[in-house]
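Whatever order the structure lists them in is the order used to number ligands and atoms, beginning at 1. Numbers here simply count residues along the sequence, with the first being 1.
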Amino acid sequence: MADFEISDVLQSKPDAAHASKTFYLETFGCQMNVHDSEKVIGTLTQQGYHQVDTEEAADLILYNTCSIRDKAEQKVFNRLNDYKKLVKQGKRFGVLGCVAQQEGEQIFERAPYVSLVSGSASYRKLPEMLVRLELGEKRITGLDDRQTEETFETEFTARSNQHRGYITIIEGCDKFCAYCVVPYTRGKERSRTSTSVLAEAQRMADSGYTEIQLLGQNVNSYRDTEGKKSFAELLAAVGEIPGIRRVRFTTSHPRDFTRDIVEAIDAVPTLCDHVHLPVQSGSSDVLHMMQREYTRDWYLERISWIKAAKRKISMTTDIIVGFPGETPADFEQTVTLLHEVQYDGVFAFKYSPRPNTPAITMPDSISDEVKSQRLQILLERQREIQRFTYEKHVGEVLEVMVEGHNQARGQVIGRTSQNKTLNFTTGQPILPAGGSYLPVRVTKSFPNSLVGESVA
Ligand code: SAH
Ligand code: SF4
Ligand code: F3S
């Protein structure tokens, strides 16, 4: 269908015609997906749709999907299967996100009642696709062939939190690690201009946001297409917007982790003192097989920059255990790396063979049992490390942003700049509102959270 016909339809349909259109959207996967969903919700609302809380109440059921590991992908097909009975009631289904891009039109074969399949690189075309859906088309696809230069920007983003919000600054990935689907599901690496990022951050500050989290599959691979700002300069510029009190960024890739990022954190107090820097393995041999293109020592050099900062910066990482060919000695090197770095948090996963990736053709020599054992050992060791890294805060006064309340315990849930949960009491009958900032003295620690009392 030609574009002019679509816009004709868009203009000729009064809002009332959409008034009863309802949608349900469920999101799986990473923060990029969560934020994409906020933009999708904004786009749908702009098109006259209303969001509802259940599949049963919706005309259009959307799943924004993740395929990073097999389990994540299976969840989506299970969900589609659970709800296919609703098709008889005239409801329509759409699959968005990474499984959509990965499986493409095969989704129509596996789940013939699905009418819309779109990867994230095609979301700009959502308004057109929705119109085609309304006109009764049964098989609408938005699939990217790794050619697009477009990013998904919309002024209608429906952010779910009033105080802190995401901004995607770079989409896609060109790194092609041997195990990973992302370069195939998210398209090629493409950055927004710093002008557009800063304008969005300013709009957020103007409407009362105090915390901004910059997002990208590899956020620090950011390249300003206008050539105005490096990633570190962009971080600083966002942090200097009046009203912004906290800036976070995730996920950093070791290969593009430069010293000026640490210098920016030291220089600009609003930049949070936390870096998430996935290492994946502590063994240079495994890193080589993973095509990470750095060694253990190279990674540890970046960690030494972070440790040498004037501020105490917390560090977290991602680990994959049981990559094909990982020997017990390789695994041991990952464990020693955890001890050497002293992370404040680790997300560890069993290697999951993924379609299209080079690693799928490597013999998956590690049994699931061994992967599980390694995962368990790793998590136990890390728990001990965190017992120590969290204990260090006892006695300190830290600023928290209030995230919510635990009414049953009379506690307030806060988050520190280092991204740690700090549950505290105030001794006051009225609890502080979500989004407020307070100084809190830490009185006790656990491996995953802190406890304290406000000192206001
Ligand atoms: N771009 C980031 C990671 C994004 S994916 C980086 O390169 O660091 C998030 C995490 O999922 C990865 O860090 C990795 O630990 C995990 N992951 C990716 N593919 C995986 C697979 N096939 N099996 C298990 N874990 C995987
Ligand atoms: Fe996946 Fe590697 Fe890209 Fe990270 S850098 S998203 S692990 S391919
Ligand atoms: Fe999953 Fe896609 Fe994010 S595979 S982790 S939703 S980039």
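Across the listed options Asn218, Asp318, Ile319, Asp318 owns the non-hydrogen atom lying nearest to atom 9 (C) of ligand 1. Nearest residue to atom 6 (C) of ligand 1 from Arg292, Met32, Lys175 is Arg292 (criterion: closest heavy atom).
In this structure, Arg186 does not count as a contact residue of ligand 2, since none of its heavy atoms falls inside 4.0 Å of the ligand.
Each of Glu73, Glu103, Gln102 was scored for a side chain to side chain donor-acceptor pair (under 3.5 Å) with Ser67, with one residue passing: Gln102. Checked against Tyr222 for a side-chain contact (heavy atoms from CB on, under 4.5 Å), the options Ile169, Leu214, Asp256 give a single hit: Ile169.
Atoms of ligand 2 lying under 4.0 Å from at least one heavy atom of Phe176, given by number and element, are 8 (S). Of all atoms in ligand 3, listed by their number and element, those nearer than 4.0 Å to a heavy atom of Ser67 are 1 (Fe), 4 (S). Heavy-atom contacts of Lys175 reach the following atoms of ligand 2: 5 (S) (cutoff under 4.0 Å). For ligand 3, the atoms lying closer than 4.0 Å to a non-hydrogen atom of Cys30 are 3 (Fe), 5 (S), 6 (S), 7 (S). Near Cys66, the atoms of ligand 3 lying under 4.0 angstrom from a non-hydrogen atom of the residue are 1 (Fe), 4 (S), 5 (S), 6 (S).
Contact annotation for atom 20 (C) of ligand 1: protein present (non-hydrogen atoms, distance under 4.0 Å).
Residues that satisfy the side chain to side chain donor-acceptor pair (under 3.5 Å) test with Thr148, not counting sequence neighbours, are absent from this structure.
The shortest contact between atom 7 (S) of ligand 3 and any protein heavy atom is with Gln217 NE2, 3.1 Å. Closest protein heavy atom to atom 2 (C) of ligand 1: Gln217 O, 3.5 Å. The protein atom (non-hydrogen) at minimum distance from atom 6 (S) of ligand 3 is Asn33 ND2, 3.3 Å.
Coordination check, Cys173 versus atom 3 (Fe) of ligand 2: passed, since an N/O/S atom of the residue sits under 2.8 Å.
Using a 4.0 Å cut-off between a side-chain N of Lys or Arg and a carboxylate O of Asp or Glu, Lys420 and Asp344 qualify as a salt bridge.
The part of Cys98 lying near ligand 3 is the side chain, judged by heavy-atom distances below 4.0 Å. By the criterion of a heavy-atom distance under 4.0 Å, neither the backbone nor the side chain of Pro278 is placed next to ligand 2.
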